[in-house]
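This report refers to the structure that appears directly beneath it.
What you see is a predicted model, and the numbers here were worked out from it, not measured in a lab.
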Amino acid sequence: MAIRLGDEAPDFSADTTQGPVNFHQWLGDSWGVLFSHPADFTPVCTTELGAVANLSAEFAKRDVKTIALSVDSIDDHNGWIPDINETQNTAVDFPLIADPERKVAALYDMIHPNALDNLTVRSVFVIGPDKKVKLTLTYPASTGRNFDEILRVIDSLQLTANHSVATPVNWTDGDDCIVVPALSNEEATEKFPKGFTAVKPYLRITPQPNK
Ligand code: BEZ
């Protein structure tokens, strides 16, 4: 069954390169990014895991924990990590889930047999501190993901959660935001001391509140 936005992220226990993990316990009160890749010792995956490791400080700044998954074994993961570190000039500091029995992959519908035979595709799940799924993405094996975009979405999600703003097309950190429709003009006046501009009654622009 497909996982939809707003669903509770399914809980699981699994072996990882950092020891056994119970997913919900491991997340604690943090945000999380669970992402699958097709296989160890493959080129695109090597660059992706290196990129996530190199963005480690950016994820930490946002209180986001990252965890990767493929259907390979712990031994394979542990054999591959030095290659990632060497070729991507990094130090992988997040856990890789070993899922040789495809239990987590099945739980999260990460295997799309018409796309990739018996291997996980490139799935991403962003999970909030309430354990609810906030974003899902599915990429094909041949296309490496853009983890800067995933950070951008997390910034937007956190602005909505903490400051009642949405973000417009192609928004990047520091750009103006949009007052969520749920707020009345009176509420918006109170909430946004920098004010807002009503371009239309339904399109109200305000400077990014946390800048
Ligand atoms: C890769 O990571 O390079 C890859 C993995 C599986 C299929 C195609 C590419």
Side-chain angles (χ1 to χ4, degrees), residues 1-42 45-46 48-82 84-85 90-113 116 118-139 145 147 150-151 153-155 157-158 160-162:
M1 170 107 164
I3 293 174
R4 294 179 173 171
L5 301 188
D7 289 352
E8 180 168 288
D11 197 15
F12 59 83
S13 295
D15 286 333
T16 80
T17 49
Q18 296 182 1
V21 156
N22 170 267
F23 188 50
H24 281 195
Q25 258 176 27
W26 176 83
L27 281 169
D29 294 327
S30 298
W31 290 70
V33 175
L34 168 65
F35 66 104
S36 60
H37 59 274
D40 294 359
F41 301 104
T42 52
C45 301
T46 300
E48 282 192 327
L49 271 75
V52 174
N54 280 323
L55 288 170
S56 179
E58 293 298 319
F59 285 109
K61 207 161 80 183
R62 294 161 174 83
D63 191 25
V64 179
K65 293 182 171 179
T66 56
I67 190 163
L69 174 146
S70 74
V71 299
D72 298 284
S73 66
I74 286 286
D75 285 349
D76 278 347
H77 285 347
N78 283 329
W80 181 40
I81 286 172
I84 301 171
N85 291 344
T90 195
V92 171
D93 59 355
F94 54 88
L96 274 62
I97 298 168
D99 192 29
E101 290 168 11
R102 298 167 193 170
K103 287 184 186 159
V104 182
L107 199 58
Y108 277 80
D109 196 27
M110 291 166 163
I111 295 183
H112 298 197
L116 206 53
N118 284 329
L119 299 176
T120 43
V121 291
R122 299 187 195 282
S123 301
V124 182
F125 298 88
V126 174
I127 296 152
D130 57 0
K131 310 288 182 297
K132 297 279 167 58
V133 173
K134 309 294 182 186
L135 167 133
T136 64
L137 271 183
T138 308
Y139 269 43
R145 286 158 286 195
F147 285 91
I150 289 163
L151 284 170
V153 178
I154 290 168
D155 283 342
L157 287 165
Q158 293 186 343
T160 305
N162 299 328

State, yes or no, whether a side-chain contact exists between [X] and [Y] at a heavy-atom distance under 4.5 Å.
X: Pro38; Y: Cys45; answer: yes
X: Asp72; Y: Phe41; answer: no
X: Ile127; Y: Phe23; answer: yes
X: Thr160; Y: Lys134; answer: no
X: Ile154; Y: Val64; answer: yes
X: Thr120; Y: Val71; answer: yes

Please name all residues satisfying salt bridge (charged side-chain N to carboxylate O under 4.0 Å, His left out) with [X], sequence neighbours left out, ordered by chain then number.
X: Arg62; result: Glu58, Asp155
X: Glu8; result: none
X: Lys103; result: Glu101

Please report the closest heavy-atom contact between [X] and [Y], naming both atoms and the distance.
X: Thr136; Y: Val133; result: CG2-CG1, 3.7 Å
X: Val126; Y: Leu157; result: CG1-CD1, 4.0 Å
X: Leu27; Y: Lys131; result: CD1-CD, 4.0 Å
X: Ala2; Y: Asp7; result: O-OD2, 4.2 Å
X: Pro100; Y: Ala98; result: CD-C, 3.3 Å
X: Pro129; Y: Asp29; result: CB-O, 3.3 Å

Inset, instruction - May I have the step-by-step check of side chain to side chain contact (heavy atoms under 4.5 Å, CB included) for Arg102 and Asn118, ending in yes or no? - result: CA-CA 9 Å; Arg102 298 167 193 170; Asn118 284 329; 3.6 Å; yes
Inset, instruction - Return yes when atom CG of Asn162 has more than 12 non-hydrogen atoms of other residues, nucleotides or ligands closer than 6.0 Å, and no otherwise. - result: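 Atom CG in Asn162 is crowded, with more than 12 foreign heavy atoms closer than 6.0 Å.
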Rounded to the nearest 0.5 Å, how far does [atom2] of [Y] lie from [atom1] of [X]?
X: Asp99; Y: Leu69; atom1: CG; atom2: CG; result: 4.5 Å
X: Asp76; Y: Ile81; atom1: CG; atom2: CD1; result: 11.0 Å
X: Leu135; Y: Ile150; atom1: CG; atom2: CD1; result: 7.0 Å
X: Ile3; Y: Phe125; atom1: CD1; atom2: CZ; result: 4.5 Å
X: Leu96; Y: Asp15; atom1: CG; atom2: CG; result: 12.5 Å

Legend entry - Any donor-acceptor N or O pair under 3.5 Å, side chains Asp75, Ser73: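 Asp75 vs Ser73: no donor-acceptor pair found between side chains.
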Inset, instruction - Take Phe94 and Phe59 through the side chain to side chain contact (heavy atoms under 4.5 Å, CB included) test and state the conclusion after the steps. - result: CA-CA 11 Å; Phe94 54 88; Phe59 285 109; over 6 Å; no
Inset, instruction - Start with the C-alpha gap between Thr66 and Leu55, add the side-chain angles, then the distance that decides, and say whether side chain to side chain contact (heavy atoms under 4.5 Å, CB included) holds. - result: CA-CA 10 Å; Thr66 56; Leu55 288 170; over 6 Å; no
Legend entry - For His37, ring pair (Phe, Tyr, Trp, His ring centres under 6.0 Å) partners two or more places apart: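 Only Trp80 meet the ring pair (Phe, Tyr, Trp, His ring centres under 6.0 Å) criterion with His37.
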Inset, instruction - List in chain and number order the residues that pass ring pair (Phe, Tyr, Trp, His ring centres under 6.0 Å) with Phe147, two or more places apart in sequence or in another chain; answer none if no residue qualifies. - result: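 Only Phe35 meet the ring pair (Phe, Tyr, Trp, His ring centres under 6.0 Å) criterion with Phe147.
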Legend entry - Set of residues satisfying side-chain contact (heavy atoms from CB on, under 4.5 Å) with respect to Gln18, sequence neighbours excluded: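 Testing Gln18 for side-chain contact (heavy atoms from CB on, under 4.5 Å), a comparison that skips the adjacent residues, returns Thr16, Pro95.
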Inset, instruction - Could you tell me whether the side chain of Lys65 and the main chain of Trp26 form a donor-acceptor pair under 3.5 Å? - result: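 Yes: the side chain of Lys65 pairs with the backbone of Trp26.
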Legend entry - Side-chain (Ser36) to main-chain (Val121) donor-acceptor, under 3.5 angstrom: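 Checking the backbone N and O of Val121 against the side chain of Ser36, a donor-acceptor pair under 3.5 Å is found.
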Legend entry - Steps toward side chain to side chain contact (heavy atoms under 4.5 Å, CB included) verdict (Val92, Thr17): CA-CA 10 Å; Val92 171; Thr17 49; over 6 Å; no
